[in-house]
Amino acid sequence: MLMHPNTTEAYDLFHNGTLALAEVERNGIRIDMDFLNEQRRRLTKKIKMTEKDFKISAFYKEWQRSTRTPVNINSDVQLARYLYKHKQIEPSKTTKSGKGSTDDETLKALKIPELDKLLRIRKLKKIRDTYLESFAREEVNGLLHPNFLLNFVRTFRGSSANPNFQNVPKREQEAMLITRKCLFPRVGHRLMELDFGSLEVRIAAAYHKDPTMLKYLREGHDMHGDIAKQIFFLDKFDKSIPSHDKLRKAAKNGFVFAEFYGDWYKKCAANLACTWGQLPKGKWKSGQGILFEDGHSLADHLKQNGIGSLSAFEDHLEKIEEHFWNKRFPVYRDWKETHWKKYQQTGYIDFYTGFRCSGLMSKNDVINYPVQGAAFHCLLWALIRINFLLKQYKMESRIIGQIHDAIVFDVHPDEVEDVIRISKKEMVELLPKHYSWINTPLTVEADLGPVDGSWASLKSYKIS
DNA sequence: GGAACTCGCCAC
DNA sequence: AAACGTGGCGAGTTCC
């Protein structure tokens with residue numbers, strides 16, 4: 001596949017972006033090596049103990065008896081051979097190459113208690129070896145200087161390496177609290193993140209201009225709530241009820257975004273019911289799945305609406321998908337088709353930001369690339385401007401990182417409001433003037449840490 | 001003994 | 001007709 005900036009504007013964006021990101025890289029982020037080393041030791045101890053525990057189990061002994069060579073408990077190849085060849089267990093999932101999978105989900109489904117120890121070891125090693133070790137390797141004078149690169153990604157997004165600043169654990173609490181507690185602002189400063197609200201959805205809307213989607217984005221209605229209502233038969237939807245919020249998140253991540261990216265109802269159904277709804281494959285029994293506040297279970301609730309199994313839920317979601325594209329967002333659907341046809345005729349796709357990809361691409365690629373890429377270019381444009389202004393105003397605050405649709409700052413406590421004001425102006429006011437094809441209002445969300453607080457201590461901060 | 005591969009898993 | 005996009009990176013394994 002060939003890719004290139006196709007306008008001077010696109011070329012300039014990457015030229016200035018490279019210079020700005022080089023400064024971001026030079027700024028760096030403070031790292032607490034004492035805490036890191038303490039966690040390294042603690043994890044090593046835990047891993048050793050769990051390994052010991054695992055090795056006295058009947059499961060391990062049987063595994064070792066099954067083969068002549070010494071077992072390496074870290075080898076998924078050996079584990080798959082033992083489980084699926086020797087013990088003849090049927091895996092619930094296979095890998096791309098058709099072998100039985102040994103990922104977290106598949107091993108948990110086997111309900112072999114000893115395997116939980118193996119998964120625990122895998123998780124602890126991930127934290128220690130992928131994150132802490134790479135942080136330690138890259139530390140210079142108490143700072144990390146992650147690389148931010150613009151020349152690797154097919155969609156013209158950025159990437160990060162040495163260490164990768166863009167995939168530090170956030171959702172899973174244990175991993176988050178170990179890794180992010182290593183990273184700090186400079187002494188007396190605060191960490192702050194500013195990110196665009198639902199940027200990719202807004203950029204997609206600029207391409208397809210679906211009136212229903214534009215209405216959602218312009219009037220701030222809750223699209224994910226509406227879809228959750230429809231998928232899960234909720235007649236009174238209320239985001240502030242925890243169970244409803246759970247189902248809303250499920251609809252958002254397990255269906256809406258998946259459909260936007262090109263997934264289809266069958267995979268979404270399994271994911272929604274099993275991963276998000278905690279229901280089993282096959283038939284459902286009373287009391288199974290996540291619980292509502294009144295004690296009812298998701299299985300009971302769906303049964304009341306005529307759905308008592310995964311296959312019935314699949315049929316239900318097929319209808320939802322049909323409605324989603326043909327009734328709710330038909331103009332979005334039509335854009336996907338005409339955009340795909342255009343690529344098939346010309347052999348390339350143009351981004352609104354002036355970049356061009358040509359060569360062999362799948363349909364999903366053709367639909368996703370210009371959205372993902374242009375969304376990042378919005379962030380990069382704002383980052384270049386904000387970086388320039390912080391220097392021009394001789395401020396103490398610095399940009400120290402970039403995560404696709406977010407900018408990470410190391411801010412002087414007296415400059416918090418100024419940095420927000422300056423950034424907000426660039427992100428929501430001037431950016432849509434520069435890229436006049438943006439057709440919905442942009443929003444900024446802030447997360448702020450206390451003075452000398454680590455990256456684990458950021459809290460949502462209301463922008464005035 | 002290193003390159004290239006698979007697999008798993010972290011982020012958006 | 002087919003079936004979710006982009007990365008980085010570690011460990012194990014296989015190839016040469």
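Letters go in sequence order (proteins before strands), and every chain restarts at 1. Hydrogens, waters and symmetry mates play no part in the numbers below; they use all other heavy atoms, side chains included.
For the pair A:Gln78 CD and B:dC7 P, the interatomic distance rounds to 15 Å; values are reported in whole Å. Put simply, CZ on A:Arg81 is 18 Å from P on B:dT6, counting in whole angstrom units. Rounded to whole Å, the distance from CE on A:Met361 to P on C:dA3 is 18 Å. C:dT6 atom P lies 19 Å from atom CD1 of A:Ile203, rounded to whole Å. Whole-Å rounding puts the A:Glu172 CD to B:dG8 P distance at 19 Å. Going from atom CZ of A:Phe355 over to atom C1' of C:dT6 covers 16 Å, rounded to whole Å. Atom C1' of nucleotide C:dG10 and atom CG of A:Asn72 are separated by 13 Å, given to the nearest angstrom.
Heavy-atom distances under 4.0 Å link DNA chain B to no residue of residues 36-51 of chain A. Proximity of residues 115-129 of chain A to DNA chain C (heavy atom under 4.0 angstrom from any strand atom) is restricted to A:Lys126, A:Asp129. Near DNA chain C, meaning a heavy atom under 4.0 Å from it, residues 309-336 of chain A has no residue at all. Near DNA chain C, meaning a heavy atom under 4.0 Å from it, residues 249-262 of chain A has A:Tyr261, A:Gly262 in order of number.
Applying the ring pair (Phe, Tyr, Trp, His ring centres under 6.0 Å) rule to A:Tyr131 yields no partners; only residues at least two apart in sequence or on another chain are considered.
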Given the rule that a pair is Watson-Crick or G-U wobble with both distances under 3.5 Å, how would you write DNA chain C in dot-bracket, using | for pairs to a different strand? ....||||||||||||
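Residue A:Val153 has its side chain nearest to C:dG7 when only C:dG12, C:dG7, C:dC9 are considered.
If you check every strand for non-hydrogen atoms under 4.0 Å, A:Ser362 touches nothing. Here A:Val371 lies out of heavy-atom contact (under 4.0 Å) with every strand. Heavy atoms of A:Thr102 sit under 4.0 angstrom from primed sugar atoms or phosphate atoms, though from no base atom. Using a 4.0 Å heavy-atom distance criterion, A:Lys99 is classed as a sugar-phosphate-only contact. A:Asn368 comes within contact range of the sugar-phosphate backbone alone, with a heavy-atom separation under 4.0 Å but no base atom that close.
Note that A:Arg356 lies in the cation-pi zone of A:Tyr348, set by a 6.0 Å cut-off to the ring centre and a 45° limit from the axis.
With 3.5 Å as the limit, one finds a donor-acceptor pair spanning the side chains of A:Asp103 and A:Thr106. Side-chain contact of A:Arg42 with A:Gln39: a donor-acceptor pair under 3.5 Å is present, judged by distance alone.
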